[in-house]
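Sequence lines set the chain letters: A, B, ... in the order given, protein chains first and strands last, and positions in each chain run from 1. These numbers were taken from a predicted model, which means no experiment stands behind them.
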Number of protein chains: 2
Amino acid sequence: MRLRYIELFHAVLTTGSLTGAAKLLNISQPAASKALQHAEDQLGFELFSRVHGRLQPTQQALLLRDRVERIIQELHELKRLTTNISQPESCPLRVTCTPTLAQTLVPDAMASLRKAFPGTAAELFTQHSLVMCESLALRDTDIGLTLQDPGHQNLRQQALCRGQVMVIAPPGWWPDEELTQPLPVSALAGQPLIGITVRDALGNMLQSHLAQVDPPPRTSVWVQTYQLAYSLVARGEGLALVDPFTARCGNGQNIQRRPLKLHLDVVLYALYRPDSPLNPVQKRFLALVRQLAQGILADN
Amino acid sequence: MRLRYIELFHAVLTTGSLTGAAKLLNISQPAASKALQHAEDQLGFELFSRVHGRLQPTQQALLLRDRVERIIQELHELKRLTTNISQPESCPLRVTCTPTLAQTLVPDAMASLRKAFPGTAAELFTQHSLVMCESLALRDTDIGLTLQDPGHQNLRQQALCRGQVMVIAPPGWWPDEELTQPLPVSALAGQPLIGITVRDALGNMLQSHLAQVDPPPRTSVWVQTYQLAYSLVARGEGLALVDPFTARCGNGQNIQRRPLKLHLDVVLYALYRPDSPLNPVQKRFLALVRQLAQGILADN
DNA sequence: CGCTGCCACAACCGCGGGTTATGCCGGGTG
DNA sequence: CACCCGGCATAACCCGCGGTTGTGGCAGCG
C-alpha cells in the first residue's frame, strides 16, 4: 500500500469524486484515475463501484475508512512536529490556555509581561485540554495553562495556585453580608441551575456532587463552557458553579458570587515539555500568572 | 515526508545501522544512504549524526521516534486488514480465546464440532482481550471468547453463560462436606494467597474486594494468568481466586475447589463483528461452547 | 598492516507517477 | 429532443525518483 494510494483514497472519500480528489492532491484527474486503479488491483478488490460514471464506496472501502483516516491524521501530526522541530523557538513565548483563562488572566499577564519586556513577540492560543496536550507535544506551543489535571505522562505539570469552586447568581440573589460565607452544596437543592457539560475532571466532580443533592437542582439549560454559564447567570437564568476566574471576570457587575463549601479545590496548572527548559521570558510570564491568579483567588 | 523515508527511519532506528536497514527493506545500502540524505535535507535537520562513520540518532530523531513507530504500526495493521479483506473467509471457523479458555473448554468444543462436521478446517488463537479485539477488527479471526466484558463498541458481544468465582486450594485444605458451600470473602483473611495481576475487569474487581479483607491475605507470589495460579496451588503454595474454567481443569486431581461467596458473576462472552453474520458452523460451535460451559458451571 | 564493516559518492537505468488530449456516458436544461 | 456539462477512463508521452552496481574513505581490530 503506497502512501499515495492512502492519500488518494482519503481524498476521494472526503470530496466524493475523483476529480475533486485530484484537485485536492494537486494532480490531474487522469493521474488520480490511474492511481486508484493501481491501488485497487494491488489490493485485489474494488474500493469504489462505478455506477452511472460516478464513484461510490464499496463495503470494503467503508471498512478501511476509519483506519485510513487515523493514519492520515497521524501523518499530519508528524508533519507538524517535524516543521516545528526544524524551525526552533522562532518566538520566545508561545502560550495556550483554556477559554476560561483566556478571558482575563492570560491577557492581563501578557500585558504585564510586555511592560517588563517591551516588544517581546508572543503567540497565544486557546484550546481545550486534550488539544492542548497535543499542541504541546507537537511543539506548536511551549506553555499550557489549564484548570484540569491532564495526567499526561509526557508533560511536566506544575500547580501554580489553588482556589475554590464558586457559585454565581444574578444580582440580589443573596444578602450582601452572606457573600463571603461559603454556600453548602445542599443549599442548591431545588434551585435553578445552569448545567455544565464540561468533560474535564472538575466538571465530573461537580456532576457527581450535584447528583447527591435532594431535591436535585432544576436544570433546563446545559452549556459547554464556564463563560457561557456566566453570561446566562448575568441574564438572570439561574445559578451556576464555575471556577474562580470565570466568577471574577467582568468585575462582577452583573452577578453575585460566593464560594461553594467543598473540599474540592480548583487548581491552576502550567504544562510544559520536560525536555525544553523554560527561558527567562517564559519563567517571568509564569511568575506573573501565578501572582495575578493568587490575587484573584485571595479576594473572593 | 515520503512513506519510504518513514520506513527507512524506523528501520535504521531498529537495526542500528544503515546497511542493516537496507537489508530490512530489501534495497541496497547506497539506496538507503541516498534516501536518508534526501529525508534529512527535506526535513531541514539531521536525523543521525555521523560519528566515526557510524550513525547515531540525534535529539530530534528521538523526538520523532514514538510517533513514527505508531504510524508504522498502523500501516502494518492496515495491511493486515486489507489482505484479510481480499481473501475472505478462507476458513469457516476462526476462533480466538483467552489462555484460560484454551485449556479445556475450547479444545473440547472443537472436538465435538469436528464430530458433527468432520473435516472442517479451523484456526485457533489464544490472545489476551485487548489483542483479541484488534484481531477481530482486523479480520484475522471471526469469533472471540473471553471472560472479560471488553466494552468495545465496534464489536457485538453475547453473554453465553454465567458462573461464580472459585477458590482453589491444595487437597485436604477444607473438609469434603464444606466443598459445596460458598466461602465468604472474609474467610480469606490471613490466608496464603496467590496474587492475580490480570488486568481485566474480573481481576480488578477481585483486587478491590480483597483490599477490604482484614487482616489482608498473605500474598508472596503474583502471577499473570489464572493457569499459573492453578499450578502453584496444586504445588501447595496457597489459595487462589480463579474463574470456574480454570478451577475445573485437570479434573481437580491436585486441588480442591469451592465457590466464593460474592454477588460478582464470571461471564463468558462471545465477540464477533456486527457486520459479518455467523455461518452455520460458527453458530453450532458457539452452541457447543455454551453447552459445555453450562455443564462445567452447573457442577461446581 | 591488512582485513572487515560501514557509509558516501558517481554513473546509470527502468518504471512509477505525472502530464495533455480525447472519448464516452448520464443527467439536467431550454 | 438537442445540447452541454460534469465526471471517469484510455492513450501516448515524459521526467525524475528510487533503485542498481562499482568504488573509495574511514575506524576499529586482530
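Per the geometry, CD belonging to A:Glu40 stands 12 Å off C1' belonging to D:dC8, to the nearest Å. Here the P atom of nucleotide C:dG5 and the CG atom of B:Leu55 are 17 Å apart, to the nearest Å. Per the geometry, NE2 belonging to A:His38 stands 10 Å off C1' belonging to C:dC15, to the nearest Å. The CD-P distance, from B:Gln56 to C:dC7, rounds to 12 Å in whole Å. Atom CG of A:Leu36 and atom P of D:dG7 are 16 Å apart (whole Å). Between the CD atom of A:Gln42 and the C1' atom of C:dG16 there is a distance of 11 Å, rounded to whole Å. If you measure from atom CZ of A:Arg50 to atom P of C:dG26, you get 16 Å, rounded to the nearest angstrom.
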Every protein N/O within reach of nucleotides 27-30 of chain D N/O, cut-off under 3.5 Å:
none

Expected rows: protein N/O vs nucleotides 9-12 of chain C N/O, under 3.5 Å:
| unit_1 | atom_1 | unit_2 | atom_2 | d |
| --- | --- | --- | --- | --- |
| C:dC9 | OP2 | B:Gln37 | OE1 | 3.1 |
| C:dC9 | OP2 | B:Gln37 | NE2 | 3.4 |

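In this structure, the side-chain hydrogen bond (donor to acceptor under 3.5 Å, both in side chains) partners of B:Thr96, at least two apart in sequence or on a different chain, are B:Gln127. Scanning for side-chain hydrogen bond (donor to acceptor under 3.5 Å, both in side chains) contacts around A:Glu69 gives an empty result, with sequence neighbours left out. In this structure, the salt bridge (charged side-chain N to carboxylate O under 4.0 Å, His left out) partners of A:Arg80, at least two apart in sequence or on a different chain, are A:Asp140. A search for salt bridge (charged side-chain N to carboxylate O under 4.0 Å, His left out) contacts involving B:Arg284 returns nothing, not counting sequence neighbours. Residues meeting the side chain to side chain contact (heavy atoms under 4.5 Å, CB included) test with B:Leu24, sequence neighbours left out: B:Ala11, B:Thr14, B:Thr15. With sequence neighbours excluded, no residue satisfies salt bridge (charged side-chain N to carboxylate O under 4.0 Å, His left out) with B:Arg156. With sequence neighbours excluded, the residues satisfying salt bridge (charged side-chain N to carboxylate O under 4.0 Å, His left out) with B:Arg50 are B:Glu40. With sequence neighbours left out, A:Tyr269 forms a side-chain hydrogen bond (donor to acceptor under 3.5 Å, both in side chains) with no residue at all. Residues that satisfy the side-chain hydrogen bond (donor to acceptor under 3.5 Å, both in side chains) test with B:Ser33, not counting sequence neighbours, are B:Gln37.
Across every non-hydrogen atom of A:Leu113 and A:Leu93, the tightest pair is CD2-CD2, 3.3 Å.
Contacts with DNA chain C (heavy atom under 4.0 Å) in residues 18-28 of chain B: B:Leu18, B:Thr19, listed by number.
Note on A:Arg4: a side-chain N or O is less than 4.0 Å away from OP1 or OP2 of C:dG18.
To the nearest 0.5 angstrom, B:Leu138 atom CG is 9.5 Å from B:Arg273 atom CZ.
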